[in-house]
Trainee: 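Let me begin by handing over the structure; questions about it come next.
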Amino acid sequence: MTTNRTFTMIKPDAVANGHAGKILDHIIQAGYKVVALKYTHLSAEKAGEFYAVHNERPFYKDLVDFMISGPIYAAILEKDNAVEDFRKVIGATDPSKAEAGTIRNLFAKSIDANAIHGSDSDENAAIEGNFFFAENERF
Ligand code: GTP
Ligand code: MG
């Protein structure tokens with residue numbers, strides 16, 4: 001049963017800019033329950049593994065370098081239709097194309113420093129949640 005859960009990271013730019021609290025509140029106001037939450041700093045190895053699907057892409061090194069540039073918040077979130085609805089809450093990958101009121105529209109500056117991650121499928125939501133959290137860290 002993973003259809004009602006997604007996984008998110010508040011990325012280093014948003015944490016460094018002091019936006020993490022506002023973003024977490026935005027997520028809760030959008031109807032999500034926080035099931036698990038962790039403040040952590042990814043190693044290059046872990047960030048590379050997390051984004052391994054992109055390892056052939058020209059932006060891969062920049063993406064990994066950015067994701068290890070500072071601490072992040074990782075979280076598992078629960079709500080009906082969690083994955084699809086959360087992609088709408090965060091907005092387009094490129095913040096200049098993100099709809100008004102979305103998290104990336106409000107808090108992101110560039111396609112590299114785009115404030116937040118959201119899983120793109122139920123399958124990846126489960127994989128990504130398991131990457132960060134043990135069963136006894138979920139409530
Ligand atoms: P995540 O939620 O972080 O996974 O972003 P996404 O699902 O909206 O985008 P995607 O998974 O396709 O890409 C992962 C990350 O790589 C994005 O958040 C961007 O920071 C970066 N990225 C993706 N496409 C491009 C691109 O065309 N150029 C650059 N410079 N970065 C990109
Ligand atoms: Mg993605």
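Along the sequence shown, residues are numbered consecutively beginning with 1. Counting convention: from 1, in listed order, for ligands and their atoms alike.
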Trainee: Report the C-alpha distance between K109 and D13 in whole Å, list the side-chain angles of each, state the deciding distance to 0.1 Å, and finish with yes or no for side chain to side chain contact (heavy atoms under 4.5 Å, CB included).
Mentor: CA-CA 9 Å; K109 293 277 179 289; D13 58 317; 5.7 Å; no
Trainee: Return the closest protein heavy atom for atom 18 (O) of ligand 1 as residue, atom name and distance.
Mentor: N114 ND2, 2.8 Å
Trainee: Applying salt bridge (Lys or Arg N to Asp or Glu O under 4.0 Å), can you list everything that pairs with K38, at least two apart in sequence or on another chain?
Mentor: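 Residues passing salt bridge (Lys or Arg N to Asp or Glu O under 4.0 Å) with K38: E137.
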Trainee: Among F59, Y60, F86, which residue places a heavy atom closest to atom 32 (C) of ligand 1?
Mentor: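 Comparing heavy atoms across F59, Y60, F86, the nearest one to atom 32 (C) of ligand 1 lies in F59.
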Trainee: Closest non-hydrogen protein atom to atom 2 (O) of ligand 1, residue and atom name please, with distance?
Mentor: H117 ND1, 2.8 Å
Trainee: When you check the gap from the basic side-chain N to the acidic O, do E135 and R138 get nearer than 4.0 Å?
Mentor: yes
Trainee: Decide whether the shortest distance between a heavy atom of M67 and an atom of ligand 1 is less than 4.0 Å.
Mentor: no
Trainee: Do any side-chain atoms of residues 90-103 form donor-acceptor pairs under 3.5 angstrom with protein atoms, and if so which ones, sequence neighbours left out?
Mentor:
| from | atom 1 | to | atom 2 | distance (Å) |
| --- | --- | --- | --- | --- |
| D94 | OD1 | S96 | N | 3.0 |
| D94 | OD1 | S96 | OG | 2.9 |
| D94 | OD2 | S96 | OG | 3.3 |
| T102 | OG1 | E99 | O | 2.6 |
| T102 | OG1 | N105 | N | 3.3 |

Trainee: Tell me which one of Y32, F131, F86, F132 satisfies ring-ring contact (aromatic ring centres under 6.0 Å, His included) with F7.
Mentor: F132
Trainee: Flag L63 as yes when one of its N or O atoms lies below 3.5 Å from any N or O atom of ligand 1, and as no otherwise.
Mentor: no
Trainee: Which is it for F107 and H19 under the ring-ring contact (aromatic ring centres under 6.0 Å, His included) test, yes or no, and what are the steps along the way?
Mentor: CA-CA 7 Å; F107 299 108; H19 293 145; 5.0 Å; yes
Trainee: Give me the residue, atom name and distance of the protein heavy atom closest to atom 12 (O) of ligand 1.
Mentor: H54 CE1, 3.7 Å
Trainee: If you measure from OG1 on T6 to CG on D122, what distance do you get to the nearest 0.5 Å?
Mentor: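 So the gap between those two atoms works out to 8.0 Å.
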Trainee: Is the closest heavy atom of F66 to ligand 1 under 4.0 Å?
Mentor: no
Trainee: Side chains of N4 and K79: any donor to acceptor distance under 3.5 Å?
Mentor: no
Trainee: Applying a 4.0 Å heavy-atom criterion (strictly less than), which segment of D112 is in contact with ligand 1: side chain, backbone, both, or neither?
Mentor: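 The answer is both.
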Trainee: Any nitrogen or oxygen of G118 lying under 3.5 Å from a nitrogen or oxygen in ligand 1? Just yes or no.
Mentor: yes
Trainee: Among the heavy atoms of D120, does any lie under 4.0 Å from an atom of ligand 1?
Mentor: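 Judged by the 4.0 Å heavy-atom criterion, D120 does not count as contacting ligand 1.
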Trainee: How does I111 reach ligand 1, by side chain, by backbone, by both or by neither, if only non-hydrogen atoms under 4.0 Å count?
Mentor: both
Trainee: Which ligand 1 atoms does Y51 reach within 4.0 Å, using its non-hydrogen atoms?
Mentor: 1 (P), 3 (O), 4 (O), 14 (C)
Trainee: Is it the case that over 12 heavy atoms from other parts of the model lie below 6.0 angstrom from the NZ atom of K61?
Mentor: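 Result for NZ/K61: open.
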Trainee: Give the contacting part of R104 toward ligand 1: side chain, backbone, both or neither, where contact means a heavy-atom distance below 4.0 Å.
Mentor: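 Under 4.0 Å from ligand 1, R104 contributes side-chain atoms alone.
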Trainee: Considering the heavy atoms of T93, write down every atom of ligand 1 situated less than 4.0 Å from one of them.
Mentor: 6 (P), 8 (O), 9 (O), 17 (C), 18 (O), 19 (C)
Trainee: Indicate, as side chain, backbone, both or neither, the part of R87 found under 4.0 angstrom from ligand 1 when only non-hydrogen atoms are considered.
Mentor: side chain
Trainee: For ligand 1, which is the ligand I care about here, please tell me if R57 has any N or O atom under 3.5 Å from one of the ligand's N or O atoms.
Mentor: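 Among all N and O atoms of R57, none is under 3.5 Å from an N or O of ligand 1.
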Trainee: Could you give the distance from CZ (F50) to CG (L42), rounded to the nearest 0.5 Å?
Mentor: 8.0 Å
Trainee: Please could you name the atoms of ligand 1 that K11 approaches to less than 4.0 Å, counting only its heavy atoms?
Mentor: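 Going through ligand 1 atom by atom, the ones under 4.0 Å from K11 are 3 (O), 18 (O).
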Trainee: For a side chain to side chain contact (heavy atoms under 4.5 Å, CB included) check, start with the C-alpha distance between I72 and T40, then their side-chain angles and the critical distance, and finish with the verdict.
Mentor: CA-CA 6 Å; I72 60 153; T40 187; 3.9 Å; yes
